[in-house]
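Contents: one structure, followed by commentary.
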There are 4 protein chains.
Amino acid sequence: MSQAATKAKVKSRTASKQARKTQLIKATIRSIAKHGLSVTTMAIVAKEAGLSQGIINLHFQSKEKLLEETLRFVVDEYRNAWYKALESSGSSAANKLLAVTGVYFDKRICQRNKLAVWFAFWGESRSRPTYRKICAERDREYKHVLAGLCGEIIAEGKYDACADFAAFGLLAMCEGLWLDLLLTPVDMTAGQAEAVSLAYLRGIFPGHFPAN
Amino acid sequence: MSQAATKAKVKSRTASKQARKTQLIKATIRSIAKHGLSVTTMAIVAKEAGLSQGIINLHFQSKEKLLEETLRFVVDEYRNAWYKALESSGSSAANKLLAVTGVYFDKRICQRNKLAVWFAFWGESRSRPTYRKICAERDREYKHVLAGLCGEIIAEGKYDACADFAAFGLLAMCEGLWLDLLLTPVDMTAGQAEAVSLAYLRGIFPGHFPAN
Amino acid sequence: MSQAATKAKVKSRTASKQARKTQLIKATIRSIAKHGLSVTTMAIVAKEAGLSQGIINLHFQSKEKLLEETLRFVVDEYRNAWYKALESSGSSAANKLLAVTGVYFDKRICQRNKLAVWFAFWGESRSRPTYRKICAERDREYKHVLAGLCGEIIAEGKYDACADFAAFGLLAMCEGLWLDLLLTPVDMTAGQAEAVSLAYLRGIFPGHFPAN
Amino acid sequence: MSQAATKAKVKSRTASKQARKTQLIKATIRSIAKHGLSVTTMAIVAKEAGLSQGIINLHFQSKEKLLEETLRFVVDEYRNAWYKALESSGSSAANKLLAVTGVYFDKRICQRNKLAVWFAFWGESRSRPTYRKICAERDREYKHVLAGLCGEIIAEGKYDACADFAAFGLLAMCEGLWLDLLLTPVDMTAGQAEAVSLAYLRGIFPGHFPAN
DNA sequence: AATGAATGAGGGTTCATTCAT
DNA sequence: CATGAATGAACCCTCATTCAT
């Protein structure tokens, strides 16, 4: 049992409903990261949370609902980090772009365990419309914001580029680099992946992201 | 039963050992594409192939082996298309790069059903080392070839760019665009995705991929 | 929540121990009538009573005890109506017989919901000796009283009949008619069922139950 | 394990599909008779049949379907005996009535175990429309035939009676007597129950069923 | 080589019961 | 007294695998 699970064992019978749900969601994430989505069972999640079998159906109606809320949790957690970076990075569009790109490869977010969770859900998204919707919504939101930032930069620098294409390409590249980090962690570190994405930005917006 | 399954039935009598295995692998791919990996059972695959329950364990030792060989089949099929495009695209490095990029978004390859299969396997790759190895090997191979092509172009055009970074970025972007096509097919077509990747190439190698 | 349940909630604060038990028993009866015995769970009963989950095990030792007391309640309630009818029907044996027969098809008693409860318990009686005993005792008691009444009538009318047989037959017919009302309520009303039983009495004791 | 179950153990892997279904249905009946419907689980039925857990869902889609087919089996078995008696009892309506009444109390049919099965299903019929329909259909059929026979007898004997009422009463009495035999087997035997029903027939059709 | 009935371990889920509050 | 979150045994059902044919 992981350290987190052990800590969870120090439990009271009166944890707030939301706290207990979060506890179970986190146990689910750990299980997917460790064993994969297809191996993750109710029993494993419950044990990982240090709780009993029946508790999941007490707080979520079914395994499916648990997984949906888990996906939502992961998406929201990421989104929070994203907007936080966006807001705390000054007013320059270039700096903002740099900041949110950085989020993708942040040590706290870009861990193989977490990447495994993303790909686990993406892998199931074709056959589970709910997953697809949640992920699609997220993608659209990011694309919209990124296209806005790229648009500002293009206007400033009078670049011959399409804001949408630049934004879509950036997002796609970041997610594609996640795949690299998942599959070939030996060949590439998060830092190198970030460097690749920055090389992209430098390539299309050379005036705004000068080589260091 | 699909048309493909019906056709499979006809040839079942005289199928050689290898042909039977391929028949089952193709049925597996169809099932993953249609229902998802987690829903794909031995019974569904057998039915999709127009054959009986027990036959899979006769030709493959287990479900796991079937899935591994299926992944290998998908990877190989893709690789063949890749090299074919590479070879039939003349001697110019730029043309070759264009050709292999085109493969990613080729009508015959870039279909949601097939993308679903890729993501299904990637989604399980963290917890199944065998999947990971097969996919990782494929990635390394492509990266190596792409880096070579990018190196040639950089030398030709005297671009201020890193060949590895350009190649890694291209590959990552293409795979990231696949995710877009999987999640938000309404927002983006394969053609647009290809345009995004070409915009990338134009951005970093403007002399070799002029705007049309 | 039903109206009854809402009303129950209001009085819950000041309910005495026995009143609370009765409240739960009535909720049990409503649940069996509505959903059936096999679907009736502690949670449903508690909710129907407008009370909390754990309360049943506080007042009854187990679900089994609750069901036993519920059966006893139903039996007693019926018995009360029976003797009340018996006593308030004058001194003539024929009138008494008419009165208790009428109880079986009384609007207040002969409702499908209530019949469902009787048959639910009878259906389980084979495998639960306690149920069987309670029901058997009831049957014996009624048979004894009915046989006495039939005996009086036979003596009065000098009928060529066996008092026991007439009584057993009457009781059996009434309970068999309940089955009809349970299974084919469209084909037969309580009034018609009563007419059938009266036809029986007229048939065997023509002088005492003349055709109207 | 019962004798029947032991015999079932001498099994082949190629019993016909229908034979295996019947085997499971008979095991279900034994289980309901022994333990009651509410205690009857898939595991118990499978064990009683000398087969494995999963087999029930192989031949029936669900427990519910198994129970439905079991009820139908019981109903059909009874109906067969009923019509056989009807046909082999000569042409006289009175004899036919006697014969089918006899079926109710036949040693081979009127066993507590079998009665328990009937009442088990009746007890659930309120909450399971399918059960109710099957039982109701059966009741209607019998009532119709019995009313026809009673009509003939009434015409022959010029009795002052209603054919429907006589028939409904007879059927109800027989089923009510089953309840007696289920609840108070000590107080009454099948023979006595039959005598009660004959007393009824004699009472209403004295010319056709003379006292012996 | 091929079939498909049979197996049984293990999945998700329910629910009577317990217990800290 | 009363609550309701928590438990865990036992339910029904699925499905990879086996095996007699």
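In what follows, chains are A, B, ... by sequence order, proteins preceding strands, each numbered from 1.
- With sequence neighbours left out, A:Lys26 forms a salt bridge (charged side-chain N to carboxylate O under 4.0 Å, His left out) with no residue at all.
- Among residues two or more places apart in sequence or in another chain, the side chain to side chain contact (heavy atoms under 4.5 Å, CB included) test is passed with A:Lys63 by A:Met42, A:Leu67.
- For residues 114-133 of chain C, the pairs satisfying ring pair (Phe, Tyr, Trp, His ring centres under 6.0 Å) are C:Tyr78-C:Trp118, C:Trp118-C:Trp122, C:Trp118-C:Trp178, C:Phe119-C:Trp122, C:Phe121-C:Tyr131, with sequence neighbours left out.
- B:Ser52 is linked by a side chain to side chain contact (heavy atoms under 4.5 Å, CB included) to B:Ile55, counting only residues two or more places apart in sequence or in another chain.
- For D:Leu24 and E:dT7, the CG to C1' distance is 14 Å, given to the nearest whole Å.
- Per the geometry, CZ belonging to B:Phe60 stands 16 Å off P belonging to F:dT18, to the nearest Å.
- Atom CD1 in D:Ile56 sits about 13 Å away from atom C1' in E:dG8, given to the nearest Å.
- For residues 121-134 of chain C, the set of pairs meeting the salt bridge (charged side-chain N to carboxylate O under 4.0 Å, His left out) definition, not counting sequence neighbours, comprises C:Glu64-C:Arg128, C:Glu124-C:Arg128.
- Rounding to whole angstrom units, CD1 of residue D:Ile55 and C1' of F:dC13 are separated by 15 Å.
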List the protein contact pattern of nucleotides 9-15 of chain E with one symbol per nucleotide (5' to 3'): B for base contact, S for sugar-phosphate-only contact, - for none; contact means a heavy-atom distance under 4.0 Å. --SSBBS
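- The structure places OG1 of B:Thr22 at 9.5 Å from CD1 of B:Ile29, a figure rounded to the nearest 0.5 Å.
- Put simply, D:His59 has a side-chain N or O that comes within less than 4.0 Å of OP1 or OP2 on E:dA6.
- Taking D:Lys114 as the reference, D:Glu77, D:Gln111 meet the side chain to side chain contact (heavy atoms under 4.5 Å, CB included) condition, with sequence neighbours excluded.
- Rounded to a whole Å, the CG atom of D:Leu66 is 10 Å from the P atom of F:dC13.
- Distance D:Arg20 CZ to E:dG4 P: 17 Å, rounded to the nearest Å.
- D:Glu68 is linked by a side chain to side chain donor-acceptor pair (under 3.5 Å) to nothing, counting only residues two or more places apart in sequence or in another chain.
- Helical stems involving DNA chain F, defined as 3 or more consecutive Watson-Crick or G-U pairs under 3.5 Å, span E:2-21 with F:2-21.
- Atom CD in B:Glu48 sits 9.5 Å away from atom OG1 in B:Thr40 (nearest 0.5 Å).
- Here F:dA5 presents its P atom at 14 Å from CG of A:Leu51, a figure rounded to the nearest Å.
- The NZ-C1' distance, from B:Lys47 to F:dC15, rounds to 15 Å in whole Å.
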